[in-house]
Amino acid sequence: MTLWWRMNLVVGGVAGVWLSGLALAAQGQAPSTTGKKAGEAFKNVTTSTLKELSVDDFVASMGLISANLGLDCADCHPNAGTDKADFVTDTPRKVTTRRMVEMVATLNRTNFAGVQRVTCWTCHHGRITPSTTIALDAWYDVPSIELDDTVRQEDGQPSADQVLDKYIQAVGGAQRLAGLTSFVATGSALGYGELGGNADFTMLAKTPNQRATLITYKDTQRPSSIWAFDGRTGWIKTPRGLLGDYELIGSELDGARLEAQLSFPGQIKQALTNWRGATTRSIGDRDFAVVQGSGPRGFLVTLYFDPKTHLLSRMVRYGPSPIGRMPTQIDYGDYRDVAGVKFPFEYKFTWLDGRYTAKLSKIETNVAIDATRFGRPSGK
């Protein structure tokens, strides 16, 4: 992993830095992407499989390709990560990637009736050239850590409904949770690998489904990073993103809505449909009770609960794309009681183009929050 890549996987991420072929960006201008598909917003997106994606899903899909092949942006886009980044030139690797994307789409269409059974990860597993022969040491000694995306009920495990009921009771009970209408959480954020400098972290939430997250840098001149959802529309603003800020209209919008709803645990059952599980899965050396629910447009969410405390430990949400599901993961820890409700005071956010940890120092509940805090981020 190159130093440049590691330094960009920090607070604020590099959403947008993978954008293939931004002719306007090459001229120092950020194009307007609101309501547009990727093929309309970015002149160099010519692959039919990807050009129909929304801008937010296209950004995530670029991260997915990068992770699947173990590459960083500069491997396809010359000088990415510098002021001389070239997102327009069709490098040989970019041309090959387009061909491979169409090949995957054709395989699924002609062999699996359009159901997504083959993705880039199926063959590459973080390598540029897929491995063709198994390593015998791995066959005999190293267990596979790859899990199915989908969860099925396991014999002897409780139902999803029972797991969710225990969670609701563990965080405060339905009656107490019904009285939680808003909160403001403050603390600090630290980027991946302790790079990117310290930052102030603020999360604001209001029932039933409004949330905003702000990261403000204390030791650099970078603008704030903001993720906002006002109950209907969502926005992302990142200082290193070529787009500056952009509206969420694809599966990232579904993800923002879900995260806002899960901020208020009393409505967890209504946040998703088709609940299934539970099954047992491990994180490190610990087992967790895992359930799964579905959302709109092929949206999929897996939740990990500590069987001892019944508290939520991990959420993984998957947005669909033509080249594979796009995961976003949040780990929750250090639960503390605030006005009779247990809140996590540590969040670990991990997505395809960023990773950071937020540690809270204070949470205030049922406070007034100006509605504009959940709207489109300002230019400041």
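Atom NZ of K269 is surrounded by more than 12 heavy atoms from other residues, nucleotides or ligands within 6.0 Å. Within 6.0 Å of CD on Q270 lie more than 12 heavy atoms contributed by other residues, nucleotides or ligands.
Screening residues 294-313 for ring pair (Phe, Tyr, Trp, His ring centres under 6.0 Å), with sequence neighbours left out, gives Y167-F305. Pairs passing the salt bridge (Lys or Arg N to Asp or Glu O under 4.0 Å) check and including a residue from residues 274-291, sequence neighbours excluded, read R286-D306. Legend: salt bridge (Lys or Arg N to Asp or Glu O under 4.0 Å) pairs involving residues 365-377, not counting sequence neighbours, sorted by first then second residue: D245-R376. Applying the side chain to side chain donor-acceptor pair (under 3.5 Å) test to residues at least two apart or on different chains, the pairs with a partner in residues 323-336 are D149-R325, R314-D331, Q329-D331, D334-R336. For residues 91-128, the pairs satisfying ring pair (Phe, Tyr, Trp, His ring centres under 6.0 Å) are W121-H125, with sequence neighbours left out.
No donor-acceptor contact under 3.5 angstrom links the side chains of R93 and T96, judged on distance only. Between the side chains of S251 and D57, at least one donor N or O lies within less than 3.5 Å of an accepting N or O.
A distance of 7.0 Å separates CG of L53 from CE of M326, quoted to the nearest 0.5 Å. If you take CE on M203 and OG on S263, they are separated by 6.0 Å, rounding to the nearest 0.5 Å.
Within the 4.5 Å cutoff, the side chain of D56 has heavy atoms near those of the I249 side chain.
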What do the steps show when you test D254 against R317 for salt bridge (charged side-chain N to carboxylate O under 4.0 Å, His left out), and what is the final call? CA-CA 10 Å; D254 300 326; R317 60 175 173 86; over 6 Å; no

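For T280, the side chain to side chain donor-acceptor pair (under 3.5 Å) test picks out Q157, with sequence neighbours left out. Applying the side chain to side chain donor-acceptor pair (under 3.5 Å) criterion to S313, with sequence neighbours excluded, gives no partner residue. Every residue two or more places apart in sequence or in another chain was checked for a side chain to side chain donor-acceptor pair (under 3.5 Å) with E364, and none qualifies. Applying the ring pair (Phe, Tyr, Trp, His ring centres under 6.0 Å) criterion to W235, with sequence neighbours excluded, gives no partner residue. Taking F183 as the reference, F264, F343 meet the ring pair (Phe, Tyr, Trp, His ring centres under 6.0 Å) condition, with sequence neighbours excluded. For Y318, the ring pair (Phe, Tyr, Trp, His ring centres under 6.0 Å) criterion is met by no residue, not counting sequence neighbours. Shown here are the side chain to side chain donor-acceptor pair (under 3.5 Å) partners of T150, two or more places apart in sequence or in another chain: there are none.
The aromatic ring centres of Y356 and Y347 sit 6.0 Å or more apart.
The aromatic rings of W227 and W351 sit perpendicular to each other, their planes meeting at more than 60°, with 30° as the lower class boundary.
The backbone N or O of G293 sits nowhere less than 3.5 Å from a side-chain atom of N274 that would complete a donor-acceptor pair.
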